[in-house]
Every structure is written in structure tokens, then in C-alpha cells.
**Student:** 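After the C-alpha cells below, expect a handful of questions from me.
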Amino acid sequence: MTRAIWFLIKVAIVVGIAVWLADRPGTVNINWQGYAVETSFGIAVLITAAVLAFAVFLYRVVRGIIRAPRTLGRYSRSRRRERGYKALTRGMVAVAAGDAATARKMARKADGLLNEPPLTMLLSAQAAQLQGDDRAAKEYFTAMLDRPETAFLGLRGLLTQSLKAGDRMEALQLARRAQSLQPNTPWLLGTLYDLEARSGDWAAAEGTLQQAVQAGAISSEQGRRHRATLLIERSFEAERRGRADAALSHAQAAHDLVPGFVPAAARVARLLAAAGKLRPAAKAVERAWRINPHPDLADAYRDVLANYDPLTRVKLTDKLRVAAPNAAESHIALAQVSLAVQLWGEARTHLNKALELQPSRRLYRLLAELEREERQDEEAARAWLAQAAAAPADPSWTCTACNAVSPTWGGLCGHCGAFDSLEWKAPTMTVSLMAPESTTTAITHQPSERPIGPAVPQSAT
């Protein structure tokens, strides 16, 4: 519609000019070199316009001839780029489809048609990876490091190769180089944090974890749990270096961050007890027990109360039952203390109560132990042990990455090296591991081997 209006306006202008000239007749005389030309004014105007139009046409023809080589070159380059980008696109599709042969072919074609090494080197590297030619892929990725615009892509490719090869030290160095180029890349922060944690660089991992949470690579809830795990490992590290105050500070920070996190509560309780702070140590376990009754907490509580007289230990352990009265672990904890001090009736009462709440292998074994210790009844003990053998496996510290079972909690899985992957659950396979080195400290022990100590302080509350 707009074009039609403009056309009508132009026609109106031409008609208007023609009418204006017709209403104003006149003549034009030209005398030049003995020639005399006489015509009307209107004809003179038309001739002038025709001459100008021819001059413009002639100018364009001459300019076109002069520029023809450049135009043809530009067209050739345009066609070449078009074919190159088409080959590049087909190569990327082949990479996505896993077609290594086509990807390699298109990479070579695009490299010959395009003068853009960043794009073609990336495709060539990916094609080499598909074909399993890691050496060629590494060469392409390494060459990309020489160009600022492709350095990050090259580092990412080399990082992926290092992780695939299991070379975590090289991967860590590459991840740190990549972070210096792109500090807030979520996937990179998550990868760097995991590598630092697996390498035992707890302080650096804690700083990277904070950045990863801020970038959205890790949720806030997961971030708190991961940070608590890092703090516990830093506590073990500080203790190995003889820095008891720092060990306790890190453990306390982990406990405050996630109060129901069993390893943190057990750790801070044992450190407080080692420092002679029995009341705060007991409170730490009781606080966590209300949220998550757990055998490791019961073990830590027995450690805290180890130097009290037998009846005081039983009385104080009853606080756990009061804190979580409907938890089988509360009754099991009280029964274990009662067994240790030979309060057979008290032990049997709580074991039967726990049996009503949640039968388990461990519970059947304790009932068998009770029969042997109280009545020397081997037949009854064997009956309980037979039920234990038929019962489902008890929960244990199991790696969510490889399903390996660890006898104690640790920040790193002793089987696959995954960080913060141990969860308290029934295992699905029977891979048994030694206790992680970081959790083997001077204040850990097997509670059943500890002799009953003499009565010392009268209260831990």
C-alpha cells in the first residue's frame, strides 16, 4: 500500500511539471561553432534529462567493468564461506550423532573452505575424540590455547580429556587456568570444587564451593552439607598438625552449620570430651540426636561418658531416649549401656521395645549377646543369630557413587574417591573398605573394647 501511494505521488509530480511547462511556452536558441539550434523549452528539458540519464548509465557500466574482478572475488569468497559453514554445520551434526567418519570429513572440508581456525579446530578436535584419537584431539585443543578467543575452549577440551584419563592433578591445573579466564562459569566451578575436594585441598575447595553456590552450580542446601563435610576434614587435618583449637573450631562450625549431620556432631563431641568439656560434648550429641538418632552418635555419647560410674552412664544415656522416645536407636543405645554394666533386665526391656519399633540384624545380635551374658543360653543365642542371618542388611555408610561400604564415615570414599558421597543406608553390594585415613584419629576407638572406668565427675549436664 505504501509503495502504491509513493508511485502515485511521483506520477502526480511528473504530470504537474508537464502541465507547468505547457502553460509556459518558450524557445531555446543555441549558437555554437557556426551551428544554430532552436527548439521549445519543453523539448530542451527532455533532451537534457535524456543526456543525464545516458551519462548515469554509462558511468555505471564503466564502474561495473572496473569493479568486476573485485565483485567476482567477493562472490567467490561468499560462496566459499557458505559452503564452509554448511560443512561446519554438517560436521557439528555428525558429532552430535556420533558419526566420527563424517565429522572428520566435514572438519577437513570446513578447514579448507574457511579461514577461521577457532571453529574448524574445535570440530577437528571433537571428530578426533569420536574416533578415539586422543593424541590428535589433544594437539588440536593445545593449539587452541595460542588464541585468546579459543583458549577457554581448548582448556575445556583438555580438561575433559584429563578427567576421562583419570589424571586429576592435571585436570585440577587445567580447571584453575580455565577459571582465570572465565571466573563465574557454573559448570567449571562445580568441576573445580570437586577436583579440589578430591585432592584434599580443603581450604581451596571451601572457597570454590562458596563461588559455586553463588553462581547457581550447587544449591544452597547442598552447599551447607558440602561445607560441613569440608570443615570436618579441615578439623582432622588441624588435629594431625597438632592444632587442637583449630580442630575443635572447624568441627563446631560444621555442627552449627548442619546440626543433624551425624559426623559433625560425633566429631565435635569427641573433641570437646578430649578437652575435658564433658557437658558441652554431651549437649552436642543430644542436640543432634533429636534430629537424627544414629549409632555413631550413641558411640560418641558412650565415649563422652566413659569415665563416669556405671549407673551414672545409664542414667545420662536415658536422655537420648527422652530426646527421641519413638526411635529404635534410643532404646538400643540405652540397652547397650545397660549390657555393659550388667543391668540385664533394663537391657532386655529396651531391646524388646526396639524390636517392636524396628527389627534389625544388629538388634538380633544384641539379643543373642544378652542371652549368652545373662543366662549362658547358647541355644537361645543361636536362635537370635539365625534371625539375624535372615534379616535384611543393616544400614551402613554407603557410597552413592559406587555403592561401596565403609566401616566409618569419611569425606572421601575409599573405593572411588568421590567426595561427600557416603550416606547412611542399606548397601546394595558388599564392597568393604578400610576406614578413611582422615577419620582415624587419636580419640577414636571401638567402644566395646573400652573397660569400665572409675567414677569421676558426677554429672555431664
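None of the values given here were measured: they were computed from a predicted structure.
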**Student:** According to the ring pair (Phe, Tyr, Trp, His ring centres under 6.0 Å) rule, which pairs have a member within residues 251-280, sequence neighbours left out?
**Tutor:**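 For residues 251-280: F261-W409.
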**Student:** Is any side-chain heavy atom of L367 closer than 4.5 Å to one of N352?
**Tutor:** yes
**Student:** Can you give me the closest heavy-atom contact between R361 and A389, atom names plus distance?
**Tutor:** NH2-O, 4.2 Å
**Student:** Testing the basics here: between L230 and A197, what is the closest heavy-atom pair and its distance to 0.1 Å?
**Tutor:**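 Looks like CD2-CB, 4.5 Å.
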**Student:** NZ of K425: more than 12 outside heavy atoms within 6.0 angstrom?
**Tutor:** yes
**Student:** Step by step, would you call I232 with H250 a side chain to side chain contact (heavy atoms under 4.5 Å, CB included)?
**Tutor:** CA-CA 6 Å; I232 297 172; H250 290 315; over 6 Å; no
**Student:** Could you point out which residue of L357, V337, L366 forms a side chain to side chain contact (heavy atoms under 4.5 Å, CB included) with I332?
**Tutor:** L366
**Student:** Is any side-chain heavy atom of Q182 closer than 4.5 Å to a side-chain heavy atom of R156?
**Tutor:** no
**Student:** Any chance you could measure S338, atom OG, to W344, atom CH2, to the nearest 0.5 Å?
**Tutor:** 10.0 Å
**Student:** Between R176 and D201, is the closest basic N to carboxylate O distance under 4.0 Å?
**Tutor:**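 A salt bridge links D201 with R176.
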**Student:** Short question: side chain of R313, backbone of Y308 - any donor-acceptor pair under 3.5 Å?
**Tutor:**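 Judged by distance alone, yes, a pair lies under 3.5 Å.
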**Student:** Indicate yes or no: does D318 engage K315 in a salt bridge with an N to O separation below 4.0 Å.
**Tutor:**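 Looking at D318 and K315, the cut-off is not met.
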**Student:** Does T400 use its side chain to pair, donor to acceptor, with the backbone of S421 at less than 3.5 Å?
**Tutor:**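 Checking the backbone N and O of S421 against the side chain of T400, a donor-acceptor pair under 3.5 Å is found.
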**Student:** Give the C-alpha distance, both sets of side-chain angles, the deciding distance and a yes or no for side chain to side chain contact (heavy atoms under 4.5 Å, CB included) between T398 and L422.
**Tutor:** CA-CA 5 Å; T398 306; L422 296 184; over 6 Å; no
**Student:** If every non-hydrogen atom of L271 is compared with every non-hydrogen atom of A251, which pair is closest and at what distance?
**Tutor:**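 Smallest interatomic distance, heavy atoms only, reads CD1-CB, 3.8 Å.
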**Student:** Given 3.5 Å as the limit, does a donor-acceptor pair link the side chain of E233 with the main chain of G411, or not?
**Tutor:** yes
**Student:** With a 4.5 Å cut-off on side-chain heavy atoms, are M144 and E149 touching?
**Tutor:**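 No, their side chains stay 4.5 Å or more apart.
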**Student:** With distance as the sole test, does Q211 use its side chain to make a donor-acceptor pair with the main-chain N or O of L189 at under 3.5 Å?
**Tutor:** no
**Student:** For L163 and A171, work out which heavy atoms get closest and say how close.
**Tutor:** CD2-CB, 3.8 Å
**Student:** Checking Y364 against L355 for the side chain to side chain contact (heavy atoms under 4.5 Å, CB included) test, could you report, in this order, the C-alpha distance in whole Å, the side-chain angles of both residues, the deciding distance, and whether it holds?
**Tutor:** CA-CA 8 Å; Y364 291 135; L355 192 62; 3.5 Å; yes
**Student:** Do L145 and R177 touch side chain to side chain, with heavy atoms closer than 4.5 Å?
**Tutor:** yes
**Student:** Would you compute the distance between atom CG of L334 and atom OG1 of T349 and round it to the nearest 0.5 angstrom?
**Tutor:**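 It comes to 9.5 Å.
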**Student:** Examine distances only and state if a side-chain atom of Y301 and a backbone atom of L316 form a donor-acceptor pair shorter than 3.5 Å.
**Tutor:** yes
**Student:** Heavy-atom distance under 4.5 Å between the side chains of Q336 and E369, does that happen here?
**Tutor:**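 A side-chain contact is absent here, since even the closest heavy-atom pair is not under 4.5 Å.
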**Student:** Start with the C-alpha gap between T2 and I5, add the side-chain angles, then the distance that decides, and say whether side chain to side chain contact (heavy atoms under 4.5 Å, CB included) holds.
**Tutor:** CA-CA 5 Å; T2 303; I5 292 174; 5.7 Å; no
**Student:** For the atom pair CZ (R267) and CG (L272), what is the distance rounded to the nearest 0.5 Å?
**Tutor:** 10.5 Å
**Student:** Is there side-chain contact between L311 and L343, with at least one heavy-atom pair below 4.5 Å?
**Tutor:** yes
**Student:** Can you tell whether the side chains of R287 and D256 come within less than 4.0 Å, N to carboxylate O?
**Tutor:** yes
**Student:** Do W202 and L231 come close enough that some side-chain heavy atom pair is under 4.5 Å?
**Tutor:** no
**Student:** Could you check whether any side-chain N or O of D303 sits under 3.5 Å from a backbone N or O of R270, counting only pairs where one atom can act as donor and the other as acceptor?
**Tutor:** no
**Student:** Hey, does R225 have a side-chain heavy atom less than 4.5 Å from the side chain of T229?
**Tutor:**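 Counting from C-beta outward, T229 and R225 do come under 4.5 Å.
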**Student:** Atom SG in C399, atom CG in D420: separation rounded to 0.5 Å?
**Tutor:**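 The CG atom of D420 is 10.0 Å from SG of C399, to the nearest 0.5 Å.
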**Student:** Within a radius of less than 6.0 Å around CD of Q210, do more than 12 heavy atoms belonging to other residues, nucleotides or ligands occur?
**Tutor:**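 Check fails, neighbour count at 12 or below.
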**Student:** For R135, is there an ion pair with E139 - N to carboxylate O distance below 4.0 angstrom?
**Tutor:**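 Judged by the 4.0 Å cut-off on N to carboxylate O distance, E139 and R135 do form a salt bridge.
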**Student:** How far does CG of L159 sit from CZ of F152, to the nearest 0.5 angstrom?
**Tutor:**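 The CG atom of L159 sits 9.0 Å away from the CZ atom of F152.
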**Student:** Salt bridge between D134 and K138, side-chain N to carboxylate O under 4.0 Å?
**Tutor:** no
**Student:** For the residue pair S219 and V213, what are the closest heavy atoms and their distance?
**Tutor:** O-CG2, 4.3 Å
**Student:** Which atom pair, heavy atoms only, marks the closest approach of A136 to A128?
**Tutor:**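 Looking at all heavy atoms of both residues, the shortest contact is CB-CB, 4.1 Å.
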**Student:** Tell me whether S249 contacts the main-chain N or O of D245 through its side chain, where contact means a donor paired with an acceptor under 3.5 Å.
**Tutor:** no
**Student:** So, the side chain of S360 versus the backbone of L363: is there a donor-acceptor pair under 3.5 Å, distance only?
**Tutor:** yes
**Student:** State which residues pass ring pair (Phe, Tyr, Trp, His ring centres under 6.0 Å) with W424; sequence neighbours excluded, sorted by chain then number.
**Tutor:** H294, W397
**Student:** Looking at R372, I'd like to know if its CZ atom is crowded, meaning that more than 12 non-hydrogen atoms belonging to other residues, nucleotides or ligands lie closer than 6.0 Å.
**Tutor:**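 Yes, enclosed.
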**Student:** To the nearest 0.5 Å, tell me how far S162 OG sits from R168 CZ.
**Tutor:** 12.0 Å
**Student:** Salt bridge between R241 and E237, side-chain N to carboxylate O under 4.0 Å?
**Tutor:**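 The answer is yes: the pair qualifies as a salt bridge.
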**Student:** Taking the side chain from H331 and the backbone from P325, do they hold a donor-acceptor pair closer than 3.5 Å?
**Tutor:**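 Yes, because the side chain of H331 sits within donor-acceptor range (under 3.5 Å) of the backbone of P325.
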**Student:** Which pairs count as ring pair (Phe, Tyr, Trp, His ring centres under 6.0 Å) when at least one residue sits in residues 207-226, sequence neighbours excluded?
**Tutor:**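 Only Y193-H226 qualify under ring pair (Phe, Tyr, Trp, His ring centres under 6.0 Å).
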